[in-house]
Amino acid sequence: MDVKDGGTIRKALLIINCIILSIGNCGAPLISRLYFIHGGNRIWFSSWLQTAGCPIILLPIARAYVHRSRTANPTSENKLFCMERPLFVAAIVLGILSGLDNYLYSYGLSRLPVSTSSLIIASQLAFTAGFAFLLVKQKFTAYSINAVFLLTIGAGVLALHSSSDRPANESDKEYILGFVMTLAAAALYGFILPLVELTYKKAKQEISYALVMEIQLVMCLVATAFCTVGMLVNNDFKVIGREAREFELGETKYYIVAIFSAIIWQCFFLGAIGVVFCASSLLSGVVISVLLPVTEILAVFFFNEKFQAEKGVSLALSLWGFLSYFYGDIKRKKPTPETEMTSSLPPNSTLESRV
């Protein structure tokens, strides 16, 4: 495959994963909050739903296996799962961290409005950038540094007057704890994304998108097991039936909310690590942060949440940061006379490369 063709496929994969991530990042917090505001109060169960939908990943993995069977050399061995032991162990570690992050996020979302929670999560980009610099030697431009700074300040603005949107019948202590837990979730996931990128770089086998899906499957299975233990300790399985019957929207809609929550969260996780594979952990963090305005608008529209002045300032800073990042990225990729000369070399040039 020529470099040009490989680059085109990678760009197509990047666009697809950005779309998948957009669906998950905008829809997942809304449906999880829907569970809490209509009578759901099992935090471990909500955490469990974030990764329990992982068996659906078996469908594209099986499709990739069939494709390999048709195109591979007849003498070569074709396995359903290509992951080797070192990568499997790394995926287990990532899964445990993801399970803990699921709990932190669910706890925060049970206490905070979606709009506030989403703006706090925007600070994740700062953590992603910091850990990306330390773990994978991410290179920064003035524009990307400006974007990280603006998005972080945008989230920090909320802390100045955060209690003004505290839900009714919730104490200041519970609200502050929800704020802290959400910030901790942002920091932890900001660590997980560069760690995924480091795993790709250090893997002793070639990383394909099919292998990315396998990593996602193992991570989610481990995270689900982690949250299952929490549910057992908290006796969640014993009260789910009663909670469903008492759900304000009805028992049937309780289970519909649960099922769709599991599916939409899979879109988020697969899209996030897919963007890491196609580009970088920093870009994945930027995409997550840049979807903030959509989540904000949807939360105000569906849940009638307040949109105070500090949220408007935070939103404006977040949009400014987003534009700064992508302007810098476009400027960085703009062809120079040297690159144009290189691209015009004949096909048999020694500078030609293959993938």
Side-chain angles (χ1 to χ4, degrees), residues 1 6 9-10 13-14 17 20-21 47-48 50-103 128 131-132 134-138 188-232 262 265-282 284 354-355:
M1 181 186 293
I9 293 174
R10 205 172 189 87
L13 271 176
L14 177 60
N17 278 278
I20 294 173
L21 177 57
S47 306
W48 184 84
Q50 292 182 35
T51 51
C54 60
I56 64 176
I57 301 178
L58 287 170
L59 295 176
I61 290 177
R63 177 66 183 85
Y65 169 77
V66 172
H67 176 73
R68 290 196 303 269
S69 299
R70 293 175 178 175
T71 58
N73 190 320
T75 60
S76 62
E77 184 181 5
N78 185 26
K79 299 178 181 179
L80 178 59
F81 296 102
C82 304
M83 189 184 305
E84 296 177 358
R85 183 175 297 177
L87 200 54
F88 179 73
V89 173
I92 290 176
V93 175
L94 289 167
I96 294 173
L97 293 176
S98 296
L100 176 60
D101 187 70
N102 291 350
Y103 177 79
T128 301
F131 287 120
L134 294 174
L135 297 178
V136 296
K137 310 303 179 184
Q138 173 71 49
L188 182 55
Y189 202 68
F191 173 66
I192 291 173
L193 287 177
L195 198 58
V196 169
E197 185 175 359
L198 181 65
T199 300
Y200 293 161
K201 291 180 178 296
K202 297 295 184 180
K204 296 181 180 180
Q205 62 181 117
E206 183 180 355
I207 302 295
S208 64
Y209 191 70
L211 193 54
V212 168
M213 291 188 290
E214 292 181 28
I215 295 172
Q216 168 68 7
L217 179 63
V218 174
M219 286 175 58
C220 286
L221 284 173
V222 173
T224 302
F226 179 90
C227 294
T228 299
V229 174
M231 289 181 67
L232 290 171
W265 272 112
Q266 279 307 300
C267 292
F268 171 80
F269 287 114
L270 182 58
I273 72 168
V275 172
V276 174
F277 167 74
C278 297
S280 67
S281 56
L282 181 62
S284 187
R354 302 282 178 178
V355 295

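What you see is a predicted model; the values in this text were computed from it and never measured.
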Exercise. Quick one: pull up CG in L195 and NZ in K202 and give me the separation to the nearest 0.5 Å.
Key: 12.0 Å

Practice problem: Specify the closest pair of heavy atoms between V136 and E197, including all atoms of both residues, with the distance to one decimal. | Solution: CG2-OE1, 3.7 Å

Quiz prompt | Value rounded to 0.5 Å, distance of CD1 in I192 from CD1 in I273 | solution = 11.0 Å

Would you tabulate the side-chain donor-acceptor contacts of residues 82-101 under 3.5 Å, counting partners in other chains and residues two or more places apart, or write 'none'?
residue : atom : partner : partner atom : Å
S98     : OG   : L94     : O            : 2.9

Practice problem: Would you give the length of the straight line joining atom CD1 of I56 to atom CD1 of I61, rounded to the nearest 0.5 angstrom? | Solution: 11.0 Å

Quiz item: Taking all atoms of both residues into account, what is the closest heavy-atom pair of P60 and M213, and its distance?
Solution: CB-SD, 3.4 Å

Exercise. Would you indicate whether the side-chain heavy atoms of Q216 and C54 approach each other to under 4.5 Å?
Key: no

Self-check item: Closest heavy-atom pair and its distance - Q266, C220
Solution: NE2-SG, 3.5 Å

Exercise. Quick one: do S281 and T128 satisfy side-chain hydrogen bond (donor to acceptor under 3.5 Å, both in side chains)? Show the steps, please.
Key: CA-CA 7 Å; S281 56; T128 301; over 6 Å; no

Quiz item: Heavy atoms, side chains only, cut-off 4.5 Å: are V212 and Y200 in contact?
Solution: yes

Practice problem: Tell me, with the steps shown, if T51 and F226 meet side chain to side chain contact (heavy atoms under 4.5 Å, CB included). | Solution: CA-CA 10 Å; T51 51; F226 179 90; over 6 Å; no

Exercise. Given side chain to side chain contact (heavy atoms under 4.5 Å, CB included), test F191 with L135 step by step and report yes or no.
Key: CA-CA 9 Å; F191 173 66; L135 297 178; 3.9 Å; yes

Quiz item: Does R10 use its side chain to pair, donor to acceptor, with the backbone of A279 at less than 3.5 Å?
Solution: no

Quiz prompt | Rounded distance (nearest 0.5 Å) linking atom CZ of R63 with atom CG of L58 | solution = 15.5 Å

Quiz item: How far apart are the C-alpha atoms of L198 and F131, what are their side-chain angles, what is the distance that settles it, and do they pass the side chain to side chain contact (heavy atoms under 4.5 Å, CB included) test?
Solution: CA-CA 10 Å; L198 181 65; F131 287 120; over 6 Å; no

Self-check item: Sequence-distant partners of S284, side-chain hydrogen bond (donor to acceptor under 3.5 Å, both in side chains), two or more places apart
Solution: none

Quiz item: Looking at L21, I20, I57, N102, which one forms a side chain to side chain contact (heavy atoms under 4.5 Å, CB included) with F269?
Solution: N102

Practice problem: Name all residues meeting the ring pair (Phe, Tyr, Trp, His ring centres under 6.0 Å) criterion together with F268; count only those two or more places apart in sequence or in a different chain, and write none if there are none. | Solution: Y189, W265

